[in-house]
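The block underneath contains the structure these notes are about, expressed in structure tokens.
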Amino acid sequence: MTFKIALIGCGGMGRRHAHGYIELRKYFDTVEMAAVCDVHHDVAGTVAAEIGEATGSTPDIYTDFDEMLGDADLDGIAIVTSTPMHHRFAIKAMEAGLHVITEKPMGLTLKACRQMREVAKKTGMVLAVAENYRRDPMNRLTRALIEAGAIGTPYFALDIGVGSSDGAVMHSTVWRAKKEQAGGAPLDAGVHNADMLIYLLGGVDSVFAEIAINESQRTLRPMNEVAPVLAEMYNHRREDGYDTGDIVEQTAVDTAFAVIRFKSGAIGQLIMTDTSHGQSLGVSTVSGSSGTMYRPRSRSGESPRIVRGDGTEIMGDALLDLVPGFELDDTLSTLWNGARHISSYDMDFRDIDSKILAYEYLDMVQAAESGRQPEVGPQEGMDALALAYALMESGVSKTPVTVEDVAEGRVSEFQDEVDAEMGI
Ligand SMILES: NC(=O)c1ccc[n+]([C@@H]2O[C@H](COP(=O)([O-])OP(=O)(O)OC[C@H]3O[C@@H](n4cnc5c(N)ncnc54)[C@H](O)[C@@H]3O)[C@@H](O)[C@H]2O)c1
């Protein structure tokens, strides 16, 4: 049976989803992109044409989600709109009997996520989150190594993402500057870091953080200046009401420094900012009782590296000796050209990105067909977002918060304004 899916939101990430689908079709014919939808007809049209050219079958184009839902013959939808629409479209789709994969973050706030979780439970539809970093084979290997005790008992993790936007709007997308649209580097990007920390070290108990908006006046600059590697995916999108060079008010938090206590007892430090002029610092390490794991950048294809107390370094294929049972699952292996037991790979960013997206679609479809949960479902999606929002909640309350209280709505001061703005 072919699983018919529609793509909602054909901006930068939507186009990357289209590339993921095109990649998927090289190996599998079990999924068909039957429709694409964006409020901008030409934006959806660019994506539809690209799919048609690559696969020989052009999806139908819609500009209205409700019309598409009533009209198209679908089994599921992929939501890649800006974040405020995730919960609305997911809930409508599940209530109409469709399975859902939504981009990260799962929803706008934890309240939005709880509503999505409830409808997924009530309807029995799959609700998957397209959280991509953990699907990178090198992150799979890193986790296998930590689980196998390759660095002993994990004591602490450092996850430091200090970069400089040089006063530009993040990714040249105005919604990313806005608090009520779940923007800002610590939240929009930080949810990836949150998911990876949980993926590698397990659940989080509590967080204490300080937050700031350092740069409240930003300039809308072209994507090829801001994020060149992504520019070709974003050159068709539209930014209503703004022109290049405009000043945009940043209301989203752009800086967060947090100390995290994991349920295991390990400690973490998560720092996210894009306001560091003249300094770029990326540290992703996990230190344990017998060594430190240096995590490669996600989607770089580089090998993880372990350094022992005596300075010995283990990397590349020598790591595989520590995890003889580690291998990519059948789907990931097929997409990765048959590779199974690998310690690095060499591919263009676009190929890697597309393969991971293809994997996410196949995981969602397999979950729908078998009745199992997707790898990143409501629980995992909420865990990551609750950790990212815990930084915001602790930042405004000036006290430590538990992630569970944030997830279940007992702590929500920061998000209340966002929920009110969105009418939920
Ligand atoms: N997993 C990742 O690595 C990753 C990377 C980038 C973005 N994302 C996520 O993907 C989502 C989209 O981000 P983006 O960078 O593509 O933003 P974007 O602004 O480029 O694209 C969003 C698109 O949604 C469309 N849209 C908005 N409202 C709509 C509606 N009511 N109906 C139909 N279409 C509508 C817009 O016209 C736009 O084309 C966000 O939730 C973001 O967090 C994830």
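Order of appearance sets the numbers: ligands from 1, and atoms from 1 within every ligand.
- The protein atom (non-hydrogen) at minimum distance from atom 27 (C) of ligand 1 is Met85 CE, 3.7 Å.
- The protein non-hydrogen atom at the shortest distance from atom 15 (O) of ligand 1 is Tyr234 OH, 2.6 Å.
- Within 6.0 Å of atom CZ in Arg238, 12 or fewer heavy atoms from other residues, nucleotides or ligands are found, so the atom counts as exposed in its surroundings.
- Put simply, the side chain of Gln269 does not reach to within 4.5 Å of the side chain of Phe156, judged on heavy atoms.
- Considering backbone and side-chain atoms alike, Thr173 places every N or O at 3.5 Å or more from each N or O of ligand 1.
- Among Asp240, Thr83, Thr81, Leu357, the residue whose heavy atom sits closest to atom 24 (O) of ligand 1 is Thr81.
- For a threshold of 3.5 Å applied to N or O pairs, the pair formed by Gly12 and ligand 1 contains at least one separation below that value.
- Looking at atom 1 (N) of ligand 1, its nearest protein heavy atom turns out to be Glu103 OE1, 3.0 Å.
- Side chains of Tyr62 and Asp71: a donor on one and an acceptor on the other come within 3.5 Å.
- Checked against a 6.0 Å centroid threshold, the rings of Tyr361 and His17 count as neighbours.
- Residue contacts with ligand 1: Asp38 is placed with a nitrogen or oxygen under 3.5 Å of a nitrogen or oxygen of the ligand (distance criterion only).
- The number of heavy-atom neighbours closer than 6.0 Å to CD of Glu53, taken from other residues, nucleotides and ligands shown, is 12 or below.
- The protein heavy atom nearest to atom 22 (C) of ligand 1 is Ser82 N, 3.7 Å.
- Minimum heavy-atom separation, Thr81 to Met85: OG1-CB, 3.3 Å.
- The side-chain heavy atoms of Tyr199 and Val376, taken from C-beta on, include no pair separated by under 4.5 Å.
- Here the heavy atom of the protein found nearest to atom 4 (C) of ligand 1 is Met13 SD, 3.5 Å.
- Scanning the protein for heavy atoms near atom 17 (O) of ligand 1, the closest one is Trp175 NE1, 3.2 Å.
- Considering both main-chain and side-chain atoms, His40 comes within under 3.5 Å of ligand 1 through a nitrogen or oxygen pair.
- The closest non-hydrogen atom to atom 7 (C) of ligand 1, taken over Lys104, His86, Arg176, comes from Arg176.
- Nearest non-hydrogen protein atom to atom 19 (O) of ligand 1 is Arg237 NH2, 2.7 Å.
- Taking the charged nitrogens against the carboxylate oxygens, Arg114 and Glu118 have no contact shorter than 4.0 Å, which rules out a salt bridge.
- Considering only residues two or more places apart in sequence or on other chains, Arg88 meets the salt bridge (charged side-chain N to carboxylate O under 4.0 Å, His left out) condition with none of them.
- At the top of the distance list for atom 30 (C) of ligand 1, counting protein heavy atoms only, stands Val39 CG1, 3.6 Å.
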